[in-house]
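First the structure, in the form of structure tokens, and then the observations on it.
Since the structure is predicted, the reported quantities are computational estimates derived from the model, not experimental observations.
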Amino acid sequence: MTVIVETPVIEAARTTGFVWLDLTRKCQLQCSHCHNGSSPAGAHGTMTAEDWTRVLDDIAAAGIPHVQFTGGEVTMHPDAPSLIEHALTLGLRVEVYSNLVHVNADWWQLLRRQGVSLATSYYGGEDRHNAVTRRPSHARTRANIKRAVEYGIPLRASVIVFEASDTGKSAKTDLRNLGVQDIGVDHVRPFGRAAGGQQPCTDGLCGRCGDGRASIGPDGEVSPCVFSTWMGVGNVQDTPLTAILGGPAMAHANATIRAARDKLAPDNKCGPDKRCQPDSSCGPNSSCGPDRQPRPCSPQDSDECRPGTPPSNCGPRN
């Protein structure tokens, strides 16, 4: 019986290439579109430094090569530097996703380490950026982007746009003038504050969540990605990560997401915008997001993603 359980768990872990470590809901900003509702009033959750260290050990032991530390604002988590150091000692590739509002000398030293890369979001000119973040953050973020380039830190920037017709051209030009070379454009995802009070739907996902990737939240809950946190598939505080990745709840969540994707766009396996093809990667270097708003989710949808029920495209599992 043990052999039957362990074999798919090991294989599932080996196929996972990327894990988001979603450390915190605390952030200096209160962005209007934040997919997880982070803010200055947010908390770091129930995961301890020991919990996160154990998770990193499990990730490395499973052969998963790449992690992203994110939030919230990762630089506000007191244990983030030591956790990143531990990830590096394990041989993991590390990306830090930061708003770059405040980066102290210790953080700059850490970000310049071999094996660490940096990512940030950008919204364009000062008025637009500050309106989105609801704080006078543009000058600091822009200055720190420039500094990261000067330090030679590998940096990718996502220009976040709110309208399907917006190409982010002016923001991309500004970033190029700062020396940023890795620039993508992503549309606002309909989750968190951007959902406008609607229940989350898989309609708003790219369709490849959980395919070679997973996310772990501040309270230890595992989900197929950082945008599908309502589809909890297990908790690392009481279950080993590899068991969750290879477990029936993750398989069910993935089936639910794929069924919704194929129903919406059967000829394009990853959304009508065609930015994510079936064999492409939706890891940290790919936006792979929908250009559309989801259909409203009705209350009766809320139970349809539970294990043992037919795949549906809406509703929280937990």
Side-chain angles (χ1 to χ4, degrees), residues 20 27-35 38 66 68-76 80 84 93-189 193-194 206 226 273-276 280-291:
W20 286 275
C27 183
Q28 308 100 322
L29 310 179
Q30 196 167 353
C31 296
S32 58
H33 67 291
C34 183
H35 66 89
S38 295
H66 196 178
Q68 182 193 89
F69 288 85
T70 185
E73 174 48 34
V74 66
T75 62
M76 297 185 74
I84 292 171
R93 287 185 291 134
V94 171
E95 181 177 72
V96 176
Y97 207 115
S98 169
N99 59 35
L100 295 180
V101 170
H102 179 71
V103 185
N104 63 29
D106 290 339
W107 266 101
W108 281 121
Q109 184 175 359
L110 181 58
L111 292 170
R112 296 173 74 177
R113 289 278 303 276
Q114 185 71 28
V116 178
S117 62
L118 183 61
T120 194
S121 298
Y122 198 65
Y123 308 101
E126 181 176 3
D127 290 344
R128 179 183 178 89
H129 191 98
N130 291 345
V132 171
T133 63
R134 299 175 177 174
R135 296 288 189 278
S137 61
H138 179 264
R140 288 187 176 185
T141 295
R142 192 177 187 278
N144 284 326
I145 288 174
K146 183 178 180 181
R147 190 171 184 181
V149 171
E150 291 171 348
Y151 279 149
I153 299 169
L155 170 67
R156 70 179 183 93
S158 292
V159 175
I160 311 298
V161 296
F162 290 76
E163 302 295 335
S165 60
D166 190 348
T167 64
K169 181 178 179 179
S170 62
K172 288 190 291 184
T173 299
D174 188 20
L175 288 167
R176 288 194 189 99
N177 290 339
L178 291 173
V180 182
Q181 297 182 2
D182 189 354
I183 306 170
V185 177
D186 199 6
H187 291 72
V188 168
R189 318 289 183 101
R193 280 194 284 269
C206 80
V226 289
D273 55 4
K274 299 186 183 294
R275 281 180 290 140
C276 184
S280 69
S281 170
C282 294
N285 297 319
S286 166
S287 58
C288 191
D291 284 339

Is atom NZ of K172 surrounded by more than 12 heavy atoms (other residues, nucleotides or ligands) closer than 6.0 Å?
yes
On a heavy-atom basis, the closest approach of A157 and V180 is CB-CG1, 4.2 Å
Please name the pair of heavy atoms, one in V149 and one in G179, separated by the smallest distance, quoted to 0.1 Å.
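Distance-wise, the nearest heavy atoms are CG1-O, 3.9 Å.
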If you measure from [atom1] on [X] to [atom2] on [Y], what distance do you get to the nearest 0.5 Å?
X    : Y    : atom1 : atom2 : value
T141 : L100 : OG1   : CG    : 6.0 Å
R142 : N177 : CZ    : CG    : 8.0 Å
L178 : I145 : CG    : CD1   : 6.5 Å
L118 : L155 : CG    : CG    : 5.0 Å

What I'd like to find out is whether the side chain of [X] reaches to under 4.5 Å of the side chain of [Y], using heavy atoms alone.
X    : Y    : answer
L111 : Y151 : no
L175 : T173 : no
R156 : Y97  : yes
S98  : T120 : no
E73  : V101 : no
H102 : T75  : no

What residue pairs, at least two apart or across chains, pass side chain to side chain donor-acceptor pair (under 3.5 Å) with a residue in residues 107-116?
E85-R113
Tell me whether S158 contacts the main-chain N or O of D186 through its side chain, where contact means a donor paired with an acceptor under 3.5 Å.
no
Stepwise side chain to side chain contact (heavy atoms under 4.5 Å, CB included) test for Q28 and N99:
CA-CA 9 Å; Q28 308 100 322; N99 59 35; 3.0 Å; yes
Check residues 123-133 and write down every donor-acceptor pair under 3.5 Å in which the side-chain atom is one partner and the other belongs to a residue at least two apart or another chain.
from	atom 1	to	atom 2	distance (Å)
Y123	OH	H33	NE2	3.3
R128	NE	Y123	O	2.9
R128	NH2	D166	OD2	3.2
H129	ND1	Y123	N	3.4
N130	OD1	S137	N	3.0
N130	OD1	H138	N	2.9
N130	ND2	E126	O	3.4
T133	OG1	H129	O	3.1
T133	OG1	R135	O	3.1
T133	OG1	S137	OG	2.7

Output all residues satisfying salt bridge (Lys or Arg N to Asp or Glu O under 4.0 Å) with R147, sequence neighbours left out; order by chain, then residue number.
none
Between I160 and Y122, does a side chain to side chain contact (heavy atoms under 4.5 Å, CB included) hold up when you go through it step by step?
CA-CA 6 Å; I160 311 298; Y122 198 65; over 6 Å; no
